[in-house]
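I have placed the structure first, in the form of structure tokens, so that the comments after it can refer back to it.
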Amino acid sequence: MARNIVNIEEVSKAFDINPLLEKVSLGVSEGERIGIVGRNGCGKSTLMKIIAAVEPADSGRITKSNSVNIGLLSQVDKEDPSATVGDVVLGKREKHEWASDASVREIFTGLFGGFDDHLFERNFASLSGGEKRRVSLAKLLIDDLDLILLDEPTNHLDVEGVAWLADHLNKRKSLAVLVITHDRWFLDAVTDHTWEVVNGKVEEYDGGYSAFVLAKAERSRQANAMDARRNNLIRKELAWLRRGAPARTTKPKFRVDAANELIAAEPAPRDKGELLKFALNRLGKTVYEAHHLQIKAGDKELIDDLYWNIGPGDRIGIVGINGAGKTTLMRALAGEIQPSAGKLVTGITVKCAFLTQHLDELDPTWRVLEAVEKVASHIEIGGGKSLSASQLCERLGFDRDSQWTPVGDLSGGEKRRLQLTRLLMGSPNVLLLDEPTNDFDIETLTELEDLLDSYGGTLIIISHDRYFLERVCDNFVGLLGDKTLRDLPRGIDQYLEQRLESLNNSDKATLDAKPQSSAAEQRQLKKDLTRLERQVGKLKEKIQELKKEQDEQAFDSGKLLEISNALQEAEAELALREEEWLEVTLALEP
């Protein structure tokens, strides 16, 4: 039986007067894989921080087994700004201690593409958000932990990186994992239990995301049967109240109170993205045609000799490695940049809208409704009907009150939703979406998917969210970094296969180019390895002795300077010998 790692009992947490968690009791066992889902702001991250003992609970108790090690991947970086990447990932481990560890090498290869001394020497504070995410994730995976808590681990990972992370976690059977993510494919691939945080409670479900959706639908069906009976009772009560007081008596007050209570218990209708006919401008036979197209970013050639025909109603997902040119290709289609060579024909009826990854276009001083009305005050939806900007905002999740919220006060997901609302207000017949799912919770994603299901125009999407791509798109193309755009009839599975084949061919070419050493050379390398290990050990001992002498001679400036110089020389020599040791180790690998 798997041992219990963490228990939380009757835990409550509130910020100001808003309760996030109310008397929640849960447990995590060894090797358990749990996905945490729920609306943005419902308390998912707070629950995770309470389990990690980063955030205190207002009440209740958190207990964990003895000697249990827990690690947290937070959405907020808390590393020392002056630390290098090597300091963050490897701590005080010496190079010769981790470089020969196959599991460490696998993690470096999966997250960084291999060893990179330049990356490890960089200052952590200088990294981009995506690089910091990978570094923090690598640290967690390398550390000896019993439970890891992952808050949006797939952010900034491409499709290939997400697939690698899922495979890596699935190999580590004894490791317990709690994960918050909007990536539903990752949830299905990794988790075997689901916690839904809703209205201060945590509902537990068996299985990953797909099983959770089925179980929730069944619970909803059962609840609807109860609601139907309650609604019948409501109708009877209201009919009785409308008849007025019976002759010779007054209306019994308890019946009025009972009816009012039933009416008050009726839940408010949920916001839904309604199926709207935004693509009113009819597309002709030509949308985009690329002939001998060449696309560059600065001096770097990304795509060469591209032939590509995009037709009306096509729904295309673009996948590829980072830096291969996905966004640059999208910008070329949107007319933001010109191809370096070749010809790009855009249909004369095309009315394009481009959702970028940047939010610069949104003035933080605007109100939500004002931001939408700057595009248009009304939109025609066919059949002689129209919607005002306010009505459209409501149908896309901004109620009357939130329409007066300053843009600067919106969350990242709300700003993305506002961007999309503004785009649709312009009635485009071609939608170009670059990472549209960033910062969306799962319920908002399902609403967006429902909306896009009804879109009658051409749709081209870049996303690392595999579930979203496979749900919305019919065709896929891939960029593998070889300057060509590949058709992928079998979708993302085919892309991952081709990517693995490309990496294997690259490794094979490297091995073929590497001169094979003779048996005598192998024996010499082994001798060199033994010699270097002895030298590294002696240098470490010498450094420790010099540091001890440094403490003893703290008040003798002359002696202290002499020791400091000797210590500096010893540390430089140690670094040199460790580099030699690494080279010999790599040369000995088959």
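- Between the side chain of R33 and the backbone N or O of L169 there is at least one donor-acceptor pair closer than 3.5 Å.
- For the pair M48 and L178, the tightest heavy-atom approach, listed with the atom from each and the gap, is CE-O, 3.5 Å.
- R466 has a carboxylate O that lies under 4.0 Å from a charged side-chain N of D493, or vice versa, which qualifies the two as a salt bridge.
- By the 4.5 Å heavy-atom criterion applied to side chains, F15 and L20 are counted as neighbours.
- In terms of modelled atom types and a separation under 3.5 Å, the side chain of R422 and the main chain of V375 share no donor-acceptor contact.
- A donor-acceptor pair is defined here as one N or O able to donate and one able to accept, closer than 3.5 Å; no such pair exists between the side chain of D409 and the backbone of T405.
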Give every donor-acceptor pair under 3.5 Å between a side-chain atom in residues 329-346 and any protein atom, sequence neighbours left out.
{"unit_1": "R331", "atom_1": "NE", "unit_2": "E336", "atom_2": "OE1", "d": "3.2"}

Requested in this report: Please report the C-alpha distance between L73 and D151 in whole Å, then the side-chain angles of each, then the deciding distance to 0.1 Å, and finally whether the side chain to side chain contact (heavy atoms under 4.5 Å, CB included) criterion is met.
Outcome: CA-CA 6 Å; L73 178 71; D151 195 349; 5.7 Å; no

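- Looking at residues two or more places apart in sequence or on another chain, you find a side chain to side chain contact (heavy atoms under 4.5 Å, CB included) between D487 and V477, P489.
- Expressed to the nearest 0.5 Å, how far NZ of K285 lies from OG1 of T349 amounts to 12.5 Å.
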Query - Full working for side chain to side chain contact (heavy atoms under 4.5 Å, CB included) between Q294 and I303 - result: CA-CA 5 Å; Q294 181 189 67; I303 300 173; over 6 Å; no

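- With no hydrogens or angles considered, no side-chain donor-acceptor pair links R122 and T84 at under 3.5 Å.
- For the residue pair T327/D434, the side-chain donor-acceptor check at 3.5 Å is satisfied.
- Not counting sequence neighbours, the partners of R184 by the side chain to side chain donor-acceptor pair (under 3.5 Å) test are E449.
- Side-chain contact of D314 with T458: a donor-acceptor pair under 3.5 Å is absent, judged by distance alone.
- Side chain of N199 to backbone of K201: no donor-acceptor contact under 3.5 angstrom is found.
- Between F212 and Y209, the ring-plane angle classifies as tilted under the 30° and 60° cut-offs.
- Closest of all the heavy-atom pairs between A389 and A376 is CB-O, 3.9 Å.
- The closest donor-acceptor contact from the side chain of Q403 to the backbone of F398 lies under 3.5 Å.
- Each of N170, L141, I107 was checked for a side chain to side chain contact (heavy atoms under 4.5 Å, CB included) with L165, and the lone residue meeting it is L141.
- A donor atom on one side chain and an acceptor atom on the other are not found under 3.5 Å apart for E204 and H193.
- Between the CG atom in N429 and the CG atom in L459 there is a gap of 12.0 Å [rounded to 0.5 Å].
- In this model, a donor atom of one side chain and an acceptor atom of the other lie less than 3.5 Å apart for Y307 and H292.
- Between the CD1 atom in I461 and the CG atom in L432 there is a gap of 10.0 Å [rounded to 0.5 Å].
- Between F186 and Y467, a ring centre-to-centre spacing not shorter than 6.0 Å is recorded.
- Y288 pairs by the ring-ring contact (aromatic ring centres under 6.0 Å, His included) definition with nothing, not counting sequence neighbours.
- Interatomic distance, CD1 of I34 versus CH2 of W195, reported as 4.0 Å (0.5 Å rounding).
- A cation-pi geometry, defined here as NZ or CZ lying under 6.0 Å from the six-membered ring centre and within 45° of its normal, holds between K132 and F124.
- Residues satisfying the side chain to side chain donor-acceptor pair (under 3.5 Å) criterion with D188, sequence neighbours excluded, are S210.
- Atom CH2 of residue W404 and atom OG of residue S402 lie 11.5 Å apart, to the nearest 0.5 angstrom.
- Between T191 and V179, the shortest heavy-atom contact is CG2-CG1, 3.7 Å.
- The main-chain N or O of D465 is found under 3.5 Å from a side-chain atom of S463 such that the two form a donor-acceptor pair.
- Minimum interatomic distance between C393 and T421 (heavy atoms only, all atoms of both residues): SG-CG2, 4.5 Å.
- Counting only N and O atoms by type, the side chains of T181 and D183 include no donor and acceptor under 3.5 Å apart.
- For the residue pair R400 and S390, the shortest heavy atom distance occurs at NH1-OG, 3.1 Å.
- Sequence neighbours left out, the pairs with a member in residues 290-313 that pass salt bridge (charged side-chain N to carboxylate O under 4.0 Å, His left out) are E301-K483.
- Summarising the geometry, atom CG belonging to L150 is positioned 6.5 Å from atom CG belonging to L140; distances are rounded to the nearest 0.5 Å.
- Side chain of K326 to backbone of G320: a donor-acceptor contact under 3.5 angstrom is found.
- Between the side chain of S388 and the main chain of Q391, a donor-acceptor pair closer than 3.5 Å is present.
- Ion pairing of R490 with E497 is present here, as a side-chain N (NZ or NE/NH1/NH2) and a carboxylate O approach within less than 4.0 Å.
- A donor-acceptor contact shorter than 3.5 Å is absent between the side chain of D158 and the backbone of I321.
- When every heavy atom of V37 is checked against every heavy atom of K44, the shortest pair comes out as C-CD, 3.4 Å.
- Listed for the E370 side chain is a donor-acceptor partner under 3.5 Å among the backbone atoms of R367.
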Query raised in the report: I318 and I460: side chain to side chain contact (heavy atoms under 4.5 Å, CB included), yes or no, with the steps?
Result: CA-CA 7 Å; I318 304 177; I460 304 174; 3.7 Å; yes

